[in-house]
There are 2 protein chains.
Amino acid sequence: MAVTIKDVAEKVGVSVTTVSRVLNNRGYLSESLKQKVNDAMEELNYHPSEVARSLLRKKSNIIGLILPDISHPFFGEVTKHIEAYAYEQGYKLMLCNSLHHKKKEKEYIDLLRASRVDGIIMGSHTMSVNDYKSINLPLVSLDRQISKSIPFIASDNYQGGVLATRLLLRKKCRSIAYLSGNLRLNLLAKQRHDAFLEQVRGQDVEYTVRQTDLNGFKYKDYEKLVSSLFEERPELDGVFASSDMLALQVLKQCRRLGRAVPGQVKVIGYDGIAALDAEDLTTIVQPIKKMGELAVQYLLQQIAGEPVPLETILPVRLSEKGTT
Amino acid sequence: MAVTIKDVAEKVGVSVTTVSRVLNNRGYLSESLKQKVNDAMEELNYHPSEVARSLLRKKSNIIGLILPDISHPFFGEVTKHIEAYAYEQGYKLMLCNSLHHKKKEKEYIDLLRASRVDGIIMGSHTMSVNDYKSINLPLVSLDRQISKSIPFIASDNYQGGVLATRLLLRKKCRSIAYLSGNLRLNLLAKQRHDAFLEQVRGQDVEYTVRQTDLNGFKYKDYEKLVSSLFEERPELDGVFASSDMLALQVLKQCRRLGRAVPGQVKVIGYDGIAALDAEDLTTIVQPIKKMGELAVQYLLQQIAGEPVPLETILPVRLSEKGTT
DNA sequence: GTGAAAGCGCTAACAG
DNA sequence: CTGTTAGCGCTTTCAC
């Protein structure tokens with residue numbers, strides 16, 4: 001990238017200001033001059049440096065996205081929509097996987113700040129509330145409420161929990177398990193758990209709750225969790241898995257143990273991941289696209305100094321397919 | 001980000017040069033001075049601007065990653081490993097989804113160039129060879145050979161095709177279909193197709209080849225493709241799907257049509273996506289982690305001016321599970 | 001050991 | 001309509 005605005009200016013025999021002007025289409029320049037400058041830029045294969053511009057404008061047009069793990073299909077899908085919307089609005093995306101590691105998340109936040117990103121979407125959070133408040137950059141959190149002052153986007157986890165549990169009850173399940181990621185992660189997803197408990201209590205059913213440990217998305221851990229569940233509760237006839245990925249593990253165990261689905265065991269997942277469309281899995285569908293787009297929109301509004309709602313809760317819906 | 005190196009310098013009562021020196025740990029400074037400067041930086045919550053540094057050093061420590069679609073689990077998984085390795089090496093990742101759109105891909109390349117990324121990993125390509133050659137930036141392509149002069153990383157697609165086809169033949173399939181994304185996309189994945197044909201020809205079996213249209217990963221399209229296949233070829237007893245996602249659609253149709261798997265129809269996929277571990281799907285496993293890491297490594301080597309191999313082909317392996 | 005000055009590539013006053 | 005100048009935040013000669 002040796003070629004700078006100065007090279008273009010020299011080639012045409014004008015000042016850099018003039019070149020800058022045609023670049024930004026400011027002020028009045030004769031058509032012929034514009035033409036000459038544009039030709040020179042083309043010829044030299046000149047591309048203005050966003051780095052220099054960022055320095056000057058104090059604005060990078062980059063947003064940071066921090067996730068636990070992009071390879072998890074839910075995050076892959078939401079990221080796709082975040083990217084698409086950000087791109088439309090002229091923003092680039094810097095992708096950061098925290099892997100639920102506090103240290104890595106912290107380092108990434110420092111990196112993003114150093115890179116002068118204009119804002120950050122948090123799809124992961126492992127630090128303390130005050131750490132986030134001191135980031136001092138426009139922020140939106142996805143699926144988690146970090147503090148009252150940081151806007152978040154989520155879907156209606158409570159309602160999702162109600163819908164899923166009621167379906168299993170309606171289908172006459174008598175022994176139901178709720179399976180989830182770690183509840184201490186302090187996600188809004190915990191409300192699914194709360195809803196489950198409220199629906200199930202006082203009903204004439206057995207129930208149990210199982211959660212993974214804190215290490216994030218290890219499919220092998222999921223597997224162990226599920227297999228021990230079936231060992232301890234052989235009479236199980238309903239499972240509410242708080243993610244589609246977990247639900248797949250349940251289906252796998254059922255195949256392995258020869259439990260018919262939905263005949264002997266009914267299974268409902270959560271998320272409504274598009275890539276799992278072929279699965280025939282009953283699930284609670286989150287409006288993933290909308291969530292991603294709103295996250296970007298509210299972030300850009302903050303960047304523009306406009307107010308944004310602090311709490312955004314979008315509706316979910318039940319998609320009943322072959323596993324119930 | 002109002003606080004700059006100048007603020008720190010003023011607070012301590014030294015020149016910006018001195019602050020810069022402790023920042024970069026250059027030259028000899030007294031311990032007490034270092035201490036004072038560090039304290040001041042902490043107190044002011046100062047974070048040096050990577051933007052200013054990039055401008056000066058002509059190096060951003062950012063690499064661009066262009067993919068068709070991050071929500072496709074294969075790309076999600078490879079991206080996870082690319083990110084992890086890049087992070088270790090001190091590089092950040094700018095994520096770009098082309099959605100197989102030529103225009104978007106071109107715009108993204110210009111954006112990346114303007115952002116002065118140090119190199120680009122191409123996991124998508126829709127433009128002409130010369131367009132890529134003129135990018136004039138360190139480049140590595142993933143799973144595609146753009147030109148002889150651009151290094152690529154791939155797994156052994158031909159061998160994968162052989163392994164998959166032979167397995168179906170060994171299992172006594174008499175009517176076999178090969179299913180793939182669009183073969184005109186000019187991917188190395190086409191070699192799976194070539195291998196299929198070579199293995200199947202001259203054998204006493206029927207075979208057919210089906211491909212999706214160019215529009216990328218539309219799961220609904222996959223579904224149509226598969227359902228029309230079974231309509232036209234009711235006697236089908238073996239399917240080699242060139243991605244795990246396609247294989248899932250095949251399994252879905254089999255469930256729908258009441259075809260037993262593997263009893264009546266045997267199905268083998270391709271990719272070995274970790275997120276689909278629960279699927280019990282026989283598949284050809286690509287070394288996704290290694291592919292991602294090598295892509296980054298070879299890119300960084302180019303950035304450092306070191307030579308890299310132009311062709312890297314990694315071995316695949318057969319993972320036989322319940323669908324064959 | 002430390003500072004002054006120049007410059008990375010660009011834009012924005014301010015003149016003319 | 002176009003050019004001169006200053007400066008964004010930082011590093012790096014080159015002096016002292």
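Labels below follow one simple rule: chain letters A, B, ... track the order of the sequence lines, proteins then strands, and each chain is numbered from 1. All of these numbers come straight from a predicted model, not from anything done at the bench.
Contact annotation: A/S49 side-chain N/O to C/dG9 OP1/OP2 distance is not under 4.0 Å. B/K59 has no side-chain polar atom (N or O) that falls below the 4.0 Å cut-off from OP1 or OP2 of C/dC8.
Looking at B/E42 and B/K11, no side-chain N of the basic residue comes within less than 4.0 Å of a carboxylate O on the acidic one, giving no salt bridge. The pair A/K34-A/E31 meets the salt-bridge criterion, since a charged nitrogen lies less than 4.0 angstrom from a carboxylate oxygen.
For A/D110, the salt bridge (Lys or Arg N to Asp or Glu O under 4.0 Å) partners are A/R113, not counting sequence neighbours.
B/H101 places no side-chain N or O within donor-acceptor distance of the main-chain N or O of B/K103, the cut-off being under 3.5 Å. The closest donor-acceptor contact from the side chain of A/R144 to the backbone of A/L142 lies under 3.5 Å.
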Next item on the list: Take B/E77 and B/K80 through the test salt bridge (Lys or Arg N to Asp or Glu O under 4.0 Å) and record every step on the way to the result.
Entry: CA-CA 5 Å; B/E77 190 168 335; B/K80 167 196 181 147; over 6 Å; no
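Comparing B/K6 and A/T18 by the nucleotide of DNA chain D that holds the closest heavy atom to each, the one mapping nearer the 5' end is A/T18. Mapping A/A52 and B/G13 onto DNA chain C by nearest heavy atom places B/G13 at the nucleotide closer to the 5' end.
Put simply, CE on A/M41 is 11 Å from P on C/dC10, counting in whole angstrom units. One atom, CZ of B/R53, and another, P of D/dG9, lie 14 Å apart when rounded to the nearest Å. The nearest whole Å value for the distance from the CD atom in A/E10 to the P atom in C/dC10 is 13 Å. Between A/L55 atom CG and C/dA12 atom P there is a gap of 13 Å when expressed in whole angstrom units. The separation between A/I5 atom CD1 and D/dT2 atom C1' is 14 Å, rounded to whole Å. Atom CG of B/N25 and atom P of C/dT2 are 14 Å apart (whole Å). Summarising the geometry, the separation between CZ on B/R116 and P on C/dG9 is reported as 8 Å, rounded to the nearest angstrom. In this structure, the NZ atom of A/K58 is 16 Å from the C1' atom of C/dG9, given to the nearest Å.
Nucleic acid contact class of B/V14 (heavy atoms, under 4.0 Å, all strands): sugar-phosphate only.
Checked against the 6.0 Å centroid criterion, the rings of B/Y108 and A/Y87 qualify as a close aromatic pair.
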Please tabulate, one pair per line, each protein N/O and nucleotide N/O from nucleotides 12-15 of chain D that are separated by under 3.5 Å, including the distance.
| from | atom 1 | to | atom 2 | distance (Å) |
| --- | --- | --- | --- | --- |
| D/dT12 | OP2 | B/R26 | NE | 3.0 |
| D/dT12 | OP2 | B/R26 | NH2 | 3.4 |
| D/dT12 | O4 | B/T17 | OG1 | 3.4 |

